[in-house]
Amino acid sequence: MPELPEVETIARTLRPHVQGCVITSAQVLRATSQHPLSLPLEHLRGCRIAEVGRRGKLLLLQLDASNAENAAVRGCKGLRLAVHLRMTGRLMPYAPETAPGPHTRCVFDLDIPASQMGTQKDNAVVRAGHASSVQVKDALDQMKDVPPDVQDGPRRLFFDDVRAFGLVLAGTPDIFDRWPFWSELGPEPLTLTPKNFAKSLSGRKSAIKAVLLDQKILAGVGNIYADESLFAAGIDPRRKAADLTRAQMDTLLKALQDVLLLSISQCGSSIRDYKDANGNAGAFQNTFSVYGRGGQPCKKCGRPLEKAKVAGRGTVYCSQCQR
């Protein structure tokens, strides 16, 4: 399942393709891929994609409904489309004549208003007026990868999902508040302070890895980045969260943030199906310290890495380096 770095990478690479585009039609090809709480996707016709972002493992398209064709949707504030990729979901742009594939679950036809054509690149770079120089460079680099046939004019956006576990949900803030997965999401790890991180761990008797995987405590962390960050922090994944000292908690948060940022800089990890919106694989899997390396030598001490089940998940760690 794509985790925070992969979904962040998809958001960054999808942004130049779709931000500023207007949804001219939307179709659900598999009914179960649309969340029961969702507004009908066809009601999104006329909405403009104002922003592409992420919350935890959810990909988010913020919509401007000022010119929505549906009267009930027109003018709705805070309208957004969430895509939960789950195991095998992908959201990728295609040329307008492209036919859906065998695993395409939803199709969005998009167009760029004439007034937007000269500013699409700027919209891909400037996010809410506070893009950093690194974000600007990343966005401009991503524009180089946009195929010529989808740089200008109409294009299609396909939600493909081989195993069909993924979901799309379109709704207002009130609708999202009724979605337990959304309303119970914990804080974002990249902006979490050491004080609040320590507070979230305080008194928890579960294994520290189980706590990191709990989306109600921390949004976006999955098996890969729990294992990698615990190794970087030198903490045994089986230890009770409440038994960590404050210094260890601070070290773990720093390690988690460093690992997530490093993975984002390498476009995430491609283990099976993950690719970004340009169809490119990530590279972070080439630098794994422990994940998927059970029985292989530890990169720090040389001892064979051990495997265990923690919180029902396969876990790899070093019994010498992680205490």
Side-chain angles (χ1 to χ4, degrees), residues 7 9-31 33-34 38-53 59-70 73-74 79-85 88-125 139-162 164 166-170 273-281:
V7 180
T9 300
I10 292 170
R12 292 184 181 190
T13 53
L14 183 63
R15 190 173 297 124
H17 295 275
V18 305
Q19 188 162 295
C21 291
V22 171
I23 299 171
T24 56
S25 75
Q27 307 171 61
V28 178
L29 304 184
R30 183 186 176 98
S33 294
Q34 181 175 277
S38 179
L39 294 171
L41 294 190
E42 58 266 27
H43 288 185
L44 301 181
R45 288 196 300 269
C47 292
R48 183 177 65 87
I49 300 173
E51 174 60 59
V52 181
L59 189 64
L60 296 177
L61 277 63
Q62 306 291 344
L63 304 177
D64 177 357
S66 301
N67 297 310
E69 294 180 12
N70 183 275
V73 170
R74 191 180 310 127
L79 188 67
R80 63 173 71 97
L81 175 69
V83 182
H84 197 180
L85 300 170
T88 59
R90 289 183 185 173
L91 199 64
M92 297 181 67
Y94 293 88
E97 69 277 7
T98 307
H103 304 298
T104 303
R105 310 307 180 187
C106 301
V107 177
F108 300 88
D109 285 297
L110 311 176
D111 200 0
I112 305 176
S115 60
Q116 284 288 127
M117 288 212 178
T119 60
Q120 188 191 21
K121 186 177 290 188
D122 293 336
N123 289 340
V125 172
L140 289 173
D141 287 345
Q142 290 156 13
M143 286 298 292
K144 298 174 185 176
D145 296 327
V146 179
D149 58 357
V150 294
Q151 278 199 26
D152 297 309
R155 78 270 328 261
R156 311 195 91 181
L157 184 64
F158 289 173
F159 173 52
D160 294 311
D161 189 8
V162 173
L167 291 169
V168 296
L169 189 154
D273 302 282
Y274 162 72
K275 290 184 179 179
D276 67 20
N278 293 322
N280 298 320

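This chain uses plain numbering: 1 for the first residue, then up along the sequence.
Residues meeting the ring pair (Phe, Tyr, Trp, His ring centres under 6.0 Å) test with His84, sequence neighbours left out: Phe181.
For the pair Val22 and Pro113, the minimum side-chain heavy-atom distance is below 4.5 Å. With contacts defined as side-chain heavy-atom distances shorter than 4.5 Å, the pair Ile10/Tyr274 qualifies. You'll find the side chain of Ile23 reaches within 4.5 Å of the side chain of Leu63, heavy atoms only. Counting only heavy atoms from C-beta outward, the side chains of Val73 and Arg45 never approach each other to under 4.5 Å.
Counting all heavy atoms, side chain and backbone alike, Cys47 lies closest to Leu79 at SG-CD2, 3.8 Å. Pro96 approaches Pro154 most closely through the heavy-atom pair CD-O, 3.5 Å. Nearest heavy atoms, Ser33 versus Cys106: CB-SG, 4.5 Å. Here the closest non-hydrogen pair linking Pro100 and Leu29 is CB-CD1, 3.9 Å.
When each of Leu157, Asn278, Val52 is paired with His17, the side-chain contact (heavy atoms from CB on, under 4.5 Å) condition holds for Asn278 and for no other. Evaluated for a side-chain contact (heavy atoms from CB on, under 4.5 Å) with Leu81, the options Leu39, Leu41, Leu169 yield exactly one hit, Leu41.
Expressed to the nearest 0.5 Å, how far CG of Leu167 lies from CG of Leu85 amounts to 10.5 Å. A distance of 12.5 Å separates CG in Leu60 from CD1 in Ile49, rounded to the nearest 0.5 Å. How far CZ of Phe108 is from OG of Ser25: 9.5 Å, rounded to the nearest 0.5 Å.
Ion pairing of Arg15 with Glu51 is present here, as a side-chain N (NZ or NE/NH1/NH2) and a carboxylate O approach within less than 4.0 Å.
No donor-acceptor pair under 3.5 Å is formed between the side chain of Arg48 and the backbone N or O of Gly46. The closest donor-acceptor contact from the side chain of Thr13 to the backbone of Asp276 lies at 3.5 Å or more, if one exists at all. Between the Arg105 side chain and the Asp161 main chain, a donor and an acceptor come within less than 3.5 Å of each other. Using modelled atom types, no side-chain atom of Arg30 and backbone atom of Ala164 make a donor-acceptor pair closer than 3.5 Å.
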Could you walk me through whether Arg156 and Val107 pass side chain to side chain contact (heavy atoms under 4.5 Å, CB included), step by step? CA-CA 7 Å; Arg156 311 195 91 181; Val107 177; 3.5 Å; yes
Run Arg155 and Thr98 through side chain to side chain contact (heavy atoms under 4.5 Å, CB included) and show every step you take. CA-CA 9 Å; Arg155 78 270 328 261; Thr98 307; over 6 Å; no
